[in-house]
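Per chain, numbering begins at 1; letters A, B, ... match sequence-line order. If you're wondering where the values come from, they're calculated on a predicted model, not measured in any experiment.
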Amino acid sequence: MAQAKKITPRAQDFSEWYNDVIMQAELADYSPVRGCMVIRPHGYHVWELMQRALDDMFKATGHRNAYFPLFIPMSFLAKEAEHVEGFAKEVALVTHTRLKATGKTGAQAVMPDPASALEEPLVVRPTSETIIYAMFAKWIQSYRDLPLLLNQWCNIVRWEFRTRLFLRTTEFLWQEGHTAHATEAEAEAEARQMLGVYRTFQEQWMAMPVITGLKTESEKFAGALRTYALEALMQDNKALQAGTSHNLGQNFAKAFTVQYQTAAGGLEYVWNTSWGVSTRMIGGLVMTHSDDNGLVCPPRLAPVQVVIVPIWKSEEERGQVLEVGDKVKAELVKAGIRVELDARDSLKPGAKYFEWEAKGVPLRLEIGPRDVAAGQVMTARRAGGKAPVKLDGLARTVATALDEVQAGLFKAAQERREAHSIRGVTKQQFLEFMKGVGGFAYGGFCGSAACEAEIKQETAATVRVLPDPEFRSPEVPKTCMWCGKPSVAEAVWAQAY
RNA sequence: CGGGGCGUAGCGCAGCCCGGUAGCGCGUCUGGUUUGGGACCAGAAGGUCCCGGGUUCAAAUCCCGGCGCCCCGACCA
């Protein structure tokens, strides 16, 4: 019996399980560069599906794509005080433009040519606020130029101490939206709107329930007025920040002199927003749905939504089942379903099942001689459940099944999250909860940074968000669950990635 | 940057204590038989044993020094 590499069970070691799922699903691989990963075709396809869905939504809300340089003059970072402080510890610098042969061999055969040292080093973008708003200053003169609604899809670099596939790598892919508005109210509406776009995407495409809300001062983006975020609960009961949307106020506008003339002839600074989601979402996808057999991928983001596995004994049967398999495939392709027919002769059907299950294919169709004779196929769902289905009207049956799977994953994830959430916690309950399995703890919060720091110190839990109204508890707590002083807001705490 | 684990065939590992021709499983290739939940038989290819020094007649193995990767913590999306 040929047993392939095993996936470490979640219950045994969650981190190992996570790595195993990614490797077995061929989403990504470690690269020769420390802290960087290679996104493999299967993983990149997931990203492309995410990009397509999000990009359509960005366009539908009036944004256009552009591309700004990877390199940013070092002095630009320094123009906004909080911003530079936030990123100073993790930027990569380009200091030379040439290599020089040393005459030595091996790794020391070349060195940076001292004669090519840059007068001002370039920063490899950790985010693009500075260079984008430098350009906005050129492009915006009048209130007629506003709002300016841009987005860019790109890679960025943040030099992290400790990295994890998709969740935190030195280089990663993301999108960053950057907008400029005439008024604070418009900027605020934009930041809120994009938070809503992300929520829709994460719930409806990723089948990942999220809590939206406001970040505290200590958790907000360096340089922002306010940061809104989406937080999801992973299967190990740790929270994952799945996206952020910032109201930048006029901080960058002032730093880069982005001004416009009002209708009345006055001169005003613009109000900016920025918002982003990254390949980190793929990590969230994995940790939300997958199981000990590998990746579980919601149909809307599955590179392969349906795999057809033909089963035969004789050459004659092979011809028969492949003929039906081809027809089924053509029918599903016509219906817009992403389908693969796995006609490989070198593997037994069972081996194929394991392989496609590890890759997260939501629905499998088995076609054997008995099915051909009965005018049916056997369907097997990745999340469980086998049933024969008539060939007649198959495309519609399959489409319906995929919708059911999509909805079922979201519901299951939502129920799991609720099962690991407690509301109206007391300090004692909070301590026990965070020491135990953990999850989302809702409680009153006095708003003081001192309380926040103390809680983090003692429990490793942080305020994930001050939740938006639709996520708040029916009874809003009146006192801080930690210090007992009057509460200024309900907060959601969790240990986080 | 601290703690733990590990570097031997594409992948997973054994061998190391006690130095003596580098092995096993999976995968790959060839041929044949197979195919409704990880097929079997026969044959074959595949190695700077992480790197550099040292000890020795002889080092994957012993000694010294590096490097790299994974996991856990501090920092962060």
Check every strand shown and say whether A:K386 touches a base, only sugar-phosphate, or nothing at a heavy-atom separation below 4.0 Å.
-> base
Please state how far atom CE in A:M23 lies from atom C1' in B:rC71, giving the value in whole angstrom units.
-> 15 Å
Sugar-phosphate only, base, or nothing, as touched by A:E160 at under 4.0 Å among non-hydrogen atoms | base
Using the P atom on both, measure B:rA9 against B:rG5 and round to a whole Å.
-> 22 Å
Side chains of A:K386 and A:R381: does their closest heavy-atom pair fall under 4.5 Å?
-> no
Just checking A:R344: base, sugar-phosphate only, or nothing, at a heavy-atom cut-off of under 4.0 Å?
-> nothing
When rounded to the nearest Å, what value does the distance between C1' atoms of B:rC67 and B:rC50 take?
-> 8 Å
In whole Å, what separates the C1' atom of B:rU8 from that of B:rG25?
-> 15 Å
Starting at CH2 of A:W159 and ending at P of B:rC76, how long is that distance when rounded to a whole Å?
-> 19 Å
Tell me what A:T170 touches on the nucleic acid: a base, only sugar-phosphate, or nothing, going by heavy atoms under 4.0 Å.
-> nothing
How close or far is atom P of B:rG27 from atom CD of A:E355, stated in whole angstroms?
-> 12 Å
Ion pair A:D468/A:R192, N-O distance below 4.0 Å | yes
Inter-residue atom distance A:I455.CD1 - A:T462.OG1, 0.5 Å rounding = 10.0 Å
Sugar-phosphate only, base, or nothing, as touched by A:F221 at under 4.0 Å among non-hydrogen atoms = nothing
Quick one: A:I22 CD1 to B:rC70 P, roughly how many Å, whole number?
-> 12 Å
Scan for ring-ring contact (aromatic ring centres under 6.0 Å, His included) pairs involving residues 7-29 of chain A, sequence neighbours excluded, and state none if there are none.
-> A:F14-A:W17
Does A:E331 pair with A:K329 as a salt bridge, N-O distance under 4.0 Å?
-> no
Does atom CD of A:E82 have more than 12 heavy-atom neighbours from other groups under 6.0 Å away?
-> yes
How about A:R344 and A:E355: do any of their side-chain heavy atoms sit closer than 4.5 Å?
-> yes
Can you tell me how far C1' in B:rC11 sits from the matching atom in B:rC70, rounded to whole Å?
-> 16 Å
Nearest-neighbour nucleotide for the A:N19 side chain, B:rA77, B:rG36, B:rC71 considered = B:rC71
Identified pairing partner of B:rG43, criterion: Watson-Crick or G-U wobble below 3.5 Å = B:rC29
Across the strands shown, which category fits A:L167 at heavy-atom distances under 4.0 angstrom: base, sugar-phosphate, nothing?
-> base
Does any residue of residues 319-332 of chain A have a heavy atom under 4.0 Å from RNA chain B, and if so, which ones, in number order?
-> none
With respect to the side chain of A:D345, which nucleotide from B:rA77, B:rG37, B:rU34 is positioned closest?
-> B:rU34
Does A:E340 come within less than 4.0 Å of A:K359, counting only side-chain N to carboxylate O?
-> no
Are A:K390 and A:D392 ion-paired here, with the side-chain N under 4.0 Å from a carboxylate O?
-> no
Just jot down the side chain to side chain donor-acceptor pair (under 3.5 Å) partners of A:Q175, sequence neighbours excluded, or say none.
-> A:N151, A:Y198
Closest of B:rC76, B:rA77, B:rU35 to the A:W312 side chain is B:rU35
Provide, to the nearest angstrom, the distance between the CZ atom belonging to A:F166 and the P atom belonging to B:rC76.
-> 24 Å
Within the structure shown, what part of the strands sits under 4.0 Å from A:R158 by heavy-atom distance: base, sugar-phosphate, or nothing?
-> base
Against the side chain of A:K313, the closest entry in B:rU35, B:rC75, B:rG38 is B:rU35
Hey, which sits more toward the 5' end of RNA chain B by its nearest nucleotide, A:S346 or A:R34?
-> A:S346
Please report, rounded to the nearest Å, how far the C1' atom of B:rG73 is from the CZ atom of A:R164.
-> 13 Å
For B:rG12, the Watson-Crick or wobble counterpart (both distances under 3.5 Å) | B:rC24
Opposite nucleotide pairing with B:rG73, Watson-Crick or G-U, both atom distances under 3.5 Å = B:rC1
Give the rounded distance in Å between these two atoms: OH of A:Y353 and C1' of B:rG36.
-> 6 Å
Spacing of the C1' atoms in B:rG15 and B:rC49 (rounded, Å) | 10 Å
Report yes if the distance between the aromatic ring centroids of A:F252 and A:H83 is under 6.0 Å, otherwise no.
-> yes
Picking from B:rA39, B:rA77, B:rC75, which would you name as closest to the side chain of A:A351?
-> B:rA39
For A:E357, which contact category applies under a 4.0 Å heavy-atom criterion: base, sugar-phosphate, or nothing?
-> base
Could you please name the option among B:rU35, B:rC75, B:rG37 that lies closest to any side-chain atom of A:P349?
-> B:rU35
Would you indicate which nucleotide in B:rA77, B:rG36, B:rC71 comes nearest to any side-chain atom of A:E366?
-> B:rG36
Under a 3.5 Å limit on both distances, the Watson-Crick or wobble mate of B:rU61 is none
Specify the separation, in whole Å, of atom CG of A:D29 and atom C1' of B:rC70.
-> 13 Å
Across all strands, who's sitting opposite B:rG37 as a Watson-Crick or G-U wobble pair, both distances under 3.5 Å?
-> none
Partner of B:rC67 by Watson-Crick or G-U wobble geometry, both contacts under 3.5 Å, or none?
-> B:rG7
Which part of the nucleic acid, if any, lies within contact of A:E16, taking any heavy atom under 4.0 Å across all strands shown: a base, the sugar-phosphate backbone alone, or nothing?
-> sugar-phosphate
What nucleic acid atoms does A:D13 come within less than 4.0 Å of, heavy atoms only: base, sugar-phosphate, or nothing?
-> nothing
Where the side chain of A:K348 is defined as all heavy atoms beyond and including C-beta, which of B:rC71, B:rG38, B:rG37 is the nearest nucleotide?
-> B:rG38
